[in-house]
Amino acid sequence: MDRRAFLGTVAGSLLAAPLAAEAQPAGKVYRIGWLHFGSGGPRVTLRDALHELGYIEGKNITFEVRPADAHRERLPALAAEMVRLNVDIIVAVAPPAILAAKGATTTIPILMAYWGGPDLVESGVVASLSRPGGNVTGVDMLNTALEAKRLEFLLEAVPKAQKIAVIVHGLPAWERWLKPVRTMAERAGKALYLSDVGGDEAGYSGAFESIRRAGADALLVPSSPKFSSDRRIIIDLAARHRIPAMYELASMAHDGGLMAYSASLSGMDRQVAALIDKIIKGAKPADLPIEQPTKFEFAINLKTARALGLTIPPSLLLRADQVIE
(Lines give C-alpha, C1' and ligand atoms only; values in the text may rest on other atoms or scores of the structure.)
Protein backbone atom coordinates (compact mmCIF):
# COMPACT_ATOMS: atom_id res chain seq x y z
CA MET A 1 0.00 0.00 0.00
CA ASP A 2 1.44 3.43 -0.91
CA ARG A 3 1.75 6.24 1.65
CA ARG A 4 -1.28 8.22 0.34
CA ALA A 5 -3.58 5.18 0.46
CA PHE A 6 -2.29 4.27 3.95
CA LEU A 7 -2.96 7.77 5.33
CA GLY A 8 -6.41 7.77 3.73
CA THR A 9 -7.22 4.45 5.38
CA VAL A 10 -6.04 5.67 8.81
CA ALA A 11 -7.96 8.94 8.49
CA GLY A 12 -11.10 7.11 7.44
CA SER A 13 -10.80 4.79 10.42
CA LEU A 14 -10.37 7.69 12.84
CA LEU A 15 -13.43 9.43 11.42
CA ALA A 16 -15.57 6.31 11.35
CA ALA A 17 -14.94 5.33 14.96
CA PRO A 18 -16.62 8.34 16.62
CA LEU A 19 -19.50 8.21 14.13
CA ALA A 20 -20.18 4.58 14.99
CA ALA A 21 -20.00 5.38 18.70
CA GLU A 22 -22.46 8.22 18.21
CA ALA A 23 -24.89 5.99 16.32
CA GLN A 24 -25.24 3.76 19.39
CA PRO A 25 -23.16 3.41 22.57
CA ALA A 26 -21.32 0.11 22.42
CA GLY A 27 -21.42 -2.72 24.92
CA LYS A 28 -24.87 -2.20 26.43
CA VAL A 29 -28.26 -3.68 25.65
CA TYR A 30 -30.87 -0.98 26.30
CA ARG A 31 -34.12 -2.19 27.80
CA ILE A 32 -37.23 -0.35 26.66
CA GLY A 33 -40.35 -0.80 28.75
CA TRP A 34 -43.51 -0.88 26.59
CA LEU A 35 -46.49 -0.05 28.81
CA HIS A 36 -49.70 -0.30 26.79
CA PHE A 37 -53.23 0.48 27.97
CA GLY A 38 -54.45 -1.72 25.13
CA SER A 39 -52.75 -4.82 23.79
CA GLY A 40 -49.68 -5.77 21.79
CA GLY A 41 -46.14 -4.52 21.54
CA PRO A 42 -44.33 -2.04 19.30
CA ARG A 43 -45.60 -1.91 15.72
CA VAL A 44 -43.43 -2.99 12.82
CA THR A 45 -43.03 0.63 11.72
CA LEU A 46 -41.45 1.60 15.04
CA ARG A 47 -39.18 -1.44 15.06
CA ASP A 48 -38.11 -0.66 11.48
CA ALA A 49 -37.41 2.98 12.37
CA LEU A 50 -35.21 1.89 15.27
CA HIS A 51 -33.40 -0.56 13.01
CA GLU A 52 -32.65 2.28 10.59
CA LEU A 53 -31.11 4.17 13.51
CA GLY A 54 -28.79 1.24 14.28
CA TYR A 55 -30.75 -0.63 16.94
CA ILE A 56 -31.09 -4.40 16.58
CA GLU A 57 -33.35 -6.28 18.95
CA GLY A 58 -31.46 -8.80 21.03
CA LYS A 59 -28.15 -7.15 20.25
CA ASN A 60 -28.29 -3.61 21.59
CA ILE A 61 -31.97 -3.14 22.43
CA THR A 62 -34.78 -5.22 23.92
CA PHE A 63 -38.45 -4.58 24.76
CA GLU A 64 -40.20 -5.42 28.01
CA VAL A 65 -43.83 -5.49 26.84
CA ARG A 66 -46.58 -5.09 29.45
CA PRO A 67 -50.12 -4.65 28.01
CA ALA A 68 -53.12 -3.90 30.24
CA ASP A 69 -55.65 -5.12 27.64
CA ALA A 70 -57.84 -2.06 28.30
CA HIS A 71 -58.01 -2.79 32.05
CA ARG A 72 -57.05 0.54 33.61
CA GLU A 73 -56.76 -0.95 37.10
CA ARG A 74 -53.81 -3.12 35.99
CA LEU A 75 -51.63 -0.21 34.94
CA PRO A 76 -50.18 0.91 38.31
CA ALA A 77 -48.82 -2.58 39.01
CA LEU A 78 -47.44 -2.90 35.48
CA ALA A 79 -45.76 0.52 35.76
CA ALA A 80 -44.28 -0.45 39.14
CA GLU A 81 -42.92 -3.61 37.54
CA MET A 82 -41.15 -1.48 34.91
CA VAL A 83 -39.50 0.48 37.71
CA ARG A 84 -38.39 -2.71 39.50
CA LEU A 85 -36.92 -3.96 36.22
CA ASN A 86 -34.99 -0.67 36.03
CA VAL A 87 -35.65 -0.26 32.31
CA ASP A 88 -33.77 2.52 30.54
CA ILE A 89 -36.89 4.12 29.02
CA ILE A 90 -40.62 3.58 29.46
CA VAL A 91 -42.66 4.03 26.29
CA ALA A 92 -46.23 4.53 27.52
CA VAL A 93 -49.04 4.03 25.02
CA ALA A 94 -52.28 6.02 25.55
CA PRO A 95 -53.12 8.50 28.34
CA PRO A 96 -53.98 5.96 31.11
CA ALA A 97 -50.60 4.25 30.63
CA ILE A 98 -48.78 7.59 30.48
CA LEU A 99 -50.34 8.75 33.76
CA ALA A 100 -49.58 5.40 35.41
CA ALA A 101 -45.93 5.60 34.33
CA LYS A 102 -45.67 9.19 35.53
CA GLY A 103 -47.07 8.13 38.90
CA ALA A 104 -44.55 5.30 39.20
CA THR A 105 -41.26 7.12 38.57
CA THR A 106 -39.75 10.58 38.46
CA THR A 107 -36.36 9.39 37.22
CA ILE A 108 -36.80 6.87 34.39
CA PRO A 109 -37.41 8.72 31.07
CA ILE A 110 -41.01 8.33 29.88
CA LEU A 111 -41.94 8.69 26.21
CA MET A 112 -45.61 9.27 25.37
CA ALA A 113 -46.76 7.16 22.44
CA TYR A 114 -49.07 8.90 22.18
CA TRP A 115 -50.87 11.47 24.31
CA GLY A 116 -54.46 11.65 23.11
CA GLY A 117 -56.06 13.33 26.11
CA PRO A 118 -56.80 16.90 27.19
CA ASP A 119 -54.22 19.68 27.32
CA LEU A 120 -50.89 18.32 28.59
CA VAL A 121 -50.03 21.39 30.66
CA GLU A 122 -53.50 21.75 32.17
CA SER A 123 -53.43 18.04 33.01
CA GLY A 124 -50.11 18.47 34.85
CA VAL A 125 -48.25 15.98 32.68
CA VAL A 126 -45.58 18.51 31.62
CA ALA A 127 -44.63 22.02 32.65
CA SER A 128 -44.71 23.33 29.09
CA LEU A 129 -44.73 21.97 25.56
CA SER A 130 -41.38 23.50 24.63
CA ARG A 131 -39.60 22.46 27.85
CA PRO A 132 -41.48 19.61 29.56
CA GLY A 133 -39.33 20.03 32.67
CA GLY A 134 -39.64 16.53 34.16
CA ASN A 135 -39.04 12.98 32.97
CA VAL A 136 -41.87 12.93 30.41
CA THR A 137 -41.81 13.89 26.74
CA GLY A 138 -43.14 12.37 23.53
CA VAL A 139 -45.79 12.90 20.87
CA ASP A 140 -49.20 14.56 21.30
CA MET A 141 -51.77 13.10 18.89
CA LEU A 142 -53.83 16.34 18.99
CA ASN A 143 -56.93 14.21 19.38
CA THR A 144 -58.99 16.83 21.16
CA ALA A 145 -58.61 19.11 18.14
CA LEU A 146 -59.01 16.23 15.68
CA GLU A 147 -62.39 15.26 17.15
CA ALA A 148 -63.85 18.48 15.75
CA LYS A 149 -62.30 17.72 12.36
CA ARG A 150 -63.85 14.24 12.43
CA LEU A 151 -67.25 15.78 13.08
CA GLU A 152 -66.70 18.23 10.22
CA PHE A 153 -66.01 15.36 7.78
CA LEU A 154 -69.00 13.40 9.11
CA LEU A 155 -71.36 16.34 8.58
CA GLU A 156 -70.04 16.79 5.06
CA ALA A 157 -70.71 13.11 4.32
CA VAL A 158 -74.18 13.20 5.90
CA PRO A 159 -75.30 16.82 5.35
CA LYS A 160 -78.94 16.15 6.30
CA ALA A 161 -78.01 14.82 9.75
CA GLN A 162 -79.52 16.92 12.53
CA LYS A 163 -78.65 14.87 15.62
CA ILE A 164 -75.17 13.39 16.05
CA ALA A 165 -74.65 10.59 18.57
CA VAL A 166 -71.33 10.33 20.41
CA ILE A 167 -70.45 7.21 22.39
CA VAL A 168 -68.38 7.64 25.56
CA HIS A 169 -67.28 5.49 28.47
CA GLY A 170 -67.40 7.21 31.85
CA LEU A 171 -69.32 10.36 30.95
CA PRO A 172 -67.92 12.96 33.43
CA ALA A 173 -64.35 12.51 32.18
CA TRP A 174 -65.43 13.23 28.59
CA GLU A 175 -66.95 16.67 29.10
CA ARG A 176 -63.70 18.62 28.62
CA TRP A 177 -62.60 16.22 25.88
CA LEU A 178 -65.71 16.93 23.81
CA LYS A 179 -65.68 20.71 24.16
CA PRO A 180 -64.38 21.28 20.58
CA VAL A 181 -67.04 18.86 19.29
CA ARG A 182 -69.79 20.77 21.08
CA THR A 183 -68.49 24.03 19.63
CA MET A 184 -68.42 22.59 16.10
CA ALA A 185 -71.94 21.14 16.47
CA GLU A 186 -73.33 24.47 17.73
CA ARG A 187 -71.78 26.35 14.81
CA ALA A 188 -73.34 23.88 12.39
CA GLY A 189 -76.71 24.04 14.14
CA LYS A 190 -76.60 20.33 15.07
CA ALA A 191 -77.60 18.59 18.28
CA LEU A 192 -75.36 16.12 20.13
CA TYR A 193 -76.56 13.01 21.92
CA LEU A 194 -74.05 11.34 24.27
CA SER A 195 -74.47 7.67 25.09
CA ASP A 196 -72.33 5.83 27.66
CA VAL A 197 -71.38 2.31 26.60
CA GLY A 198 -70.46 1.04 30.05
CA GLY A 199 -67.87 -1.69 30.32
CA ASP A 200 -69.06 -4.71 28.33
CA GLU A 201 -70.69 -5.82 25.07
CA ALA A 202 -74.16 -5.56 26.61
CA GLY A 203 -73.35 -1.93 27.34
CA TYR A 204 -72.67 -1.31 23.66
CA SER A 205 -75.96 -2.89 22.66
CA GLY A 206 -77.81 -0.72 25.16
CA ALA A 207 -75.97 2.41 23.99
CA PHE A 208 -76.88 1.78 20.35
CA GLU A 209 -80.48 1.08 21.30
CA SER A 210 -80.64 4.43 23.12
CA ILE A 211 -79.09 6.11 20.06
CA ARG A 212 -81.82 4.58 17.90
CA ARG A 213 -84.56 5.76 20.26
CA ALA A 214 -83.05 9.26 20.32
CA GLY A 215 -83.34 9.43 16.53
CA ALA A 216 -79.67 10.16 15.87
CA ASP A 217 -78.72 10.45 12.20
CA ALA A 218 -74.98 9.79 12.47
CA LEU A 219 -72.38 8.62 14.99
CA LEU A 220 -69.03 9.96 16.11
CA VAL A 221 -66.78 7.35 17.74
CA PRO A 222 -64.15 9.35 19.63
CA SER A 223 -60.51 8.45 19.97
CA SER A 224 -60.10 5.85 22.71
CA PRO A 225 -57.96 2.73 23.20
CA LYS A 226 -61.14 1.00 24.41
CA PHE A 227 -63.04 1.85 21.23
CA SER A 228 -60.07 0.74 19.15
CA SER A 229 -59.96 -2.60 20.98
CA ASP A 230 -63.73 -3.01 20.68
CA ARG A 231 -63.90 -1.86 17.07
CA ARG A 232 -65.51 -5.05 15.80
CA ILE A 233 -68.43 -4.72 18.20
CA ILE A 234 -68.95 -1.05 17.34
CA ILE A 235 -68.68 -1.49 13.57
CA ASP A 236 -71.09 -4.43 13.60
CA LEU A 237 -73.64 -2.53 15.70
CA ALA A 238 -73.36 0.56 13.48
CA ALA A 239 -74.04 -1.64 10.42
CA ARG A 240 -76.95 -3.37 12.14
CA HIS A 241 -78.53 -0.03 13.08
CA ARG A 242 -77.66 1.44 9.68
CA ILE A 243 -76.05 4.53 11.16
CA PRO A 244 -73.13 6.24 9.36
CA ALA A 245 -70.16 6.54 11.70
CA MET A 246 -66.83 8.33 11.85
CA TYR A 247 -63.95 6.54 13.58
CA GLU A 248 -60.40 7.37 14.60
CA LEU A 249 -57.99 4.99 12.87
CA ALA A 250 -57.79 4.25 9.14
CA SER A 251 -57.67 0.53 10.00
CA MET A 252 -61.19 0.90 11.44
CA ALA A 253 -62.44 2.01 8.02
CA HIS A 254 -60.70 -1.01 6.49
CA ASP A 255 -62.55 -3.15 9.03
CA GLY A 256 -65.90 -1.86 7.75
CA GLY A 257 -66.34 1.54 9.36
CA LEU A 258 -67.60 4.31 7.08
CA MET A 259 -64.82 6.85 7.63
CA ALA A 260 -61.79 7.44 9.84
CA TYR A 261 -59.41 10.34 10.41
CA SER A 262 -56.33 10.55 12.62
CA ALA A 263 -52.68 11.37 12.80
CA SER A 264 -50.55 8.83 10.92
CA LEU A 265 -49.47 6.09 13.33
CA SER A 266 -46.50 5.15 11.17
CA GLY A 267 -45.37 8.77 11.11
CA MET A 268 -45.63 9.04 14.89
CA ASP A 269 -43.79 5.73 15.28
CA ARG A 270 -40.82 7.29 13.52
CA GLN A 271 -40.99 10.29 15.84
CA VAL A 272 -40.98 8.06 18.92
CA ALA A 273 -38.06 6.03 17.54
CA ALA A 274 -36.07 9.23 17.04
CA LEU A 275 -36.82 10.29 20.63
CA ILE A 276 -35.68 6.89 21.95
CA ASP A 277 -32.43 7.38 20.04
CA LYS A 278 -31.94 10.88 21.47
CA ILE A 279 -32.46 9.71 25.06
CA ILE A 280 -30.11 6.75 24.64
CA LYS A 281 -27.50 9.23 23.41
CA GLY A 282 -27.91 11.32 26.54
CA ALA A 283 -30.71 13.83 25.93
CA LYS A 284 -33.02 14.56 28.88
CA PRO A 285 -36.81 14.42 28.49
CA ALA A 286 -37.02 17.76 30.32
CA ASP A 287 -35.24 19.42 27.38
CA LEU A 288 -37.00 17.61 24.51
CA PRO A 289 -40.07 19.56 23.29
CA ILE A 290 -43.38 17.74 22.96
CA GLU A 291 -43.76 16.81 19.30
CA GLN A 292 -46.90 16.94 17.19
CA PRO A 293 -47.77 14.70 14.24
CA THR A 294 -46.85 15.92 10.79
CA LYS A 295 -48.88 13.43 8.73
CA PHE A 296 -52.60 12.61 8.87
CA GLU A 297 -54.75 9.85 7.36
CA PHE A 298 -58.32 10.14 6.10
CA ALA A 299 -59.96 6.91 4.94
CA ILE A 300 -63.40 6.33 3.38
CA ASN A 301 -65.03 2.94 2.87
CA LEU A 302 -67.23 3.20 -0.24
CA LYS A 303 -68.56 -0.34 0.21
CA THR A 304 -69.97 0.67 3.60
CA ALA A 305 -71.32 3.91 2.12
CA ARG A 306 -73.22 1.95 -0.54
CA ALA A 307 -74.63 -0.42 2.09
CA LEU A 308 -75.95 2.63 3.96
CA GLY A 309 -77.36 4.21 0.78
CA LEU A 310 -74.95 7.14 1.07
CA THR A 311 -73.32 9.03 -1.78
CA ILE A 312 -70.02 10.49 -0.61
CA PRO A 313 -69.47 13.98 -2.08
CA PRO A 314 -66.63 14.12 -4.64
CA SER A 315 -65.04 16.98 -2.68
CA LEU A 316 -64.66 14.63 0.30
CA LEU A 317 -63.32 11.77 -1.81
CA LEU A 318 -60.65 14.05 -3.23
CA ARG A 319 -59.36 14.75 0.28
CA ALA A 320 -59.21 11.09 1.28
CA ASP A 321 -55.81 9.41 1.52
CA GLN A 322 -57.42 5.97 1.26
CA VAL A 323 -60.63 5.08 -0.59
CA ILE A 324 -61.70 1.51 0.12
CA GLU A 325 -63.74 -0.09 -2.64
Side-chain angles (χ1 to χ4, degrees), residues 36-39 68-76 93-100 115-119 122-123 141 143-155 158 161-186 188 190-249 252-253 255-262:
H36 197 336
F37 175 59
S39 58
D69 297 320
H71 293 279
R72 187 184 298 261
E73 70 278 4
R74 296 178 185 172
L75 287 167
V93 185
I98 292 162
L99 294 174
W115 180 257
D119 184 271
E122 288 182 10
S123 301
M141 290 182 75
N143 262 335
T144 304
L146 292 183
E147 297 295 2
K149 191 66 177 179
R150 292 184 187 106
L151 178 57
E152 178 185 328
F153 283 149
L154 181 59
L155 293 178
V158 194
Q162 294 301 311
K163 183 179 286 187
I164 311 300
V166 183
I167 57 172
V168 298
H169 53 91
L171 186 55
W174 287 79
E175 287 300 332
R176 181 170 58 171
W177 179 279
L178 292 172
K179 187 176 179 180
V181 175
R182 289 191 183 280
T183 301
M184 170 67 70
E186 288 171 4
K190 309 295 183 181
L192 287 185
Y193 176 77
L194 271 57
S195 184
D196 199 324
V197 303
D200 55 22
E201 187 169 351
Y204 281 109
S205 297
F208 271 85
E209 184 58 29
S210 72
I211 289 168
R212 183 193 65 78
R213 290 195 303 267
D217 307 297
L219 170 66
L220 176 65
V221 181
S223 170
S224 163
K226 176 178 174 59
F227 294 153
S228 178
S229 296
D230 296 342
R231 66 178 70 189
R232 191 68 271 163
I233 298 170
I234 301 169
I235 291 169
D236 288 349
L237 283 167
R240 190 182 310 164
H241 287 269
R242 294 186 56 78
I243 185 166
M246 165 63 85
Y247 301 84
E248 176 193 8
L249 303 175
M252 298 167 90
D255 287 341
L258 175 63
M259 296 189 298
Y261 179 69
S262 73

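Going from atom CD of E186 over to atom CG of L192 covers 8.0 Å, rounded to the nearest 0.5 Å. The OH atom of Y204 sits 10.0 Å away from the CG atom of D196 when rounded to the nearest 0.5 Å. Rounding to the nearest 0.5 Å places CG of D236 at 11.5 Å from CG of D230. With rounding to the nearest 0.5 Å, the separation of CD in E152 from CE in M246 is 9.5 Å. To the nearest 0.5 Å, atom CD1 of residue I235 and atom CG of residue D255 are 5.0 Å apart. Atom-to-atom distance recorded for L75:CG and H36:NE2 is 10.5 Å, nearest 0.5 angstrom.
Taking all atoms of both residues into account, the shortest heavy-atom contact from L258 to P244 is CD2-CB, 3.5 Å. Scanning all heavy atoms of the two residues, the minimum distance from F208 to I234 falls at CZ-O, 3.8 Å. Heavy atoms only, all atoms of each residue included: R150 and Y261 are closest at NE-O, 2.6 Å. For the pair K226 and V197, the tightest heavy-atom approach, listed with the atom from each and the gap, is CE-CG2, 4.0 Å. Nearest heavy-atom pair, A148 versus M184, reported as atom, atom and distance to 0.1 Å: O-CE, 3.8 Å. Annotation for A253 and M259: closest pair CB-C, 4.4 Å, computed over non-hydrogen atoms.
Between E147 and P222, the closest side-chain pair of non-hydrogen atoms falls below 4.5 Å. With contacts defined as side-chain heavy-atom distances shorter than 4.5 Å, the pair I164/L155 qualifies. Residues V166 and L151 fail the side-chain proximity criterion, which asks for heavy atoms closer than 4.5 Å.
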Take D217 and K190 through the test side chain to side chain contact (heavy atoms under 4.5 Å, CB included) and record every step on the way to the result. CA-CA 11 Å; D217 307 297; K190 309 295 183 181; over 6 Å; no
Begin from the C-alpha positions of F37 and I98 and carry the test side chain to side chain contact (heavy atoms under 4.5 Å, CB included) through to its verdict. CA-CA 9 Å; F37 175 59; I98 292 162; over 6 Å; no
Is there a side chain to side chain contact (heavy atoms under 4.5 Å, CB included) between L154 and Y247 once you walk through the steps? CA-CA 10 Å; L154 181 59; Y247 301 84; over 6 Å; no
CA sep, side-chain torsions, deciding dist, call: E248, F227, side chain to side chain contact (heavy atoms under 4.5 Å, CB included): CA-CA 9 Å; E248 176 193 8; F227 294 153; over 6 Å; no
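S228 and R231 are linked by a side-chain donor-acceptor pair at a separation below 3.5 angstrom, with hydrogens and angles left out of the test.
In this structure a side-chain-to-backbone donor-acceptor pair under 3.5 Å is missing from H71 to E73. Put simply, the side chain of S195 gets close to the backbone of A207: a donor and an acceptor are under 3.5 Å apart. For D119 (side chain) and E122 (main-chain N/O), a donor-acceptor pair under 3.5 Å exists by modelled atom type.
Heavy-atom neighbours of R232 CZ from other residues, nucleotides or ligands within 6.0 Å: above the threshold of 12.
Of the listed residues (L146, N143, L249), just one forms a side-chain contact (heavy atoms from CB on, under 4.5 Å) with S223, and that residue is N143.
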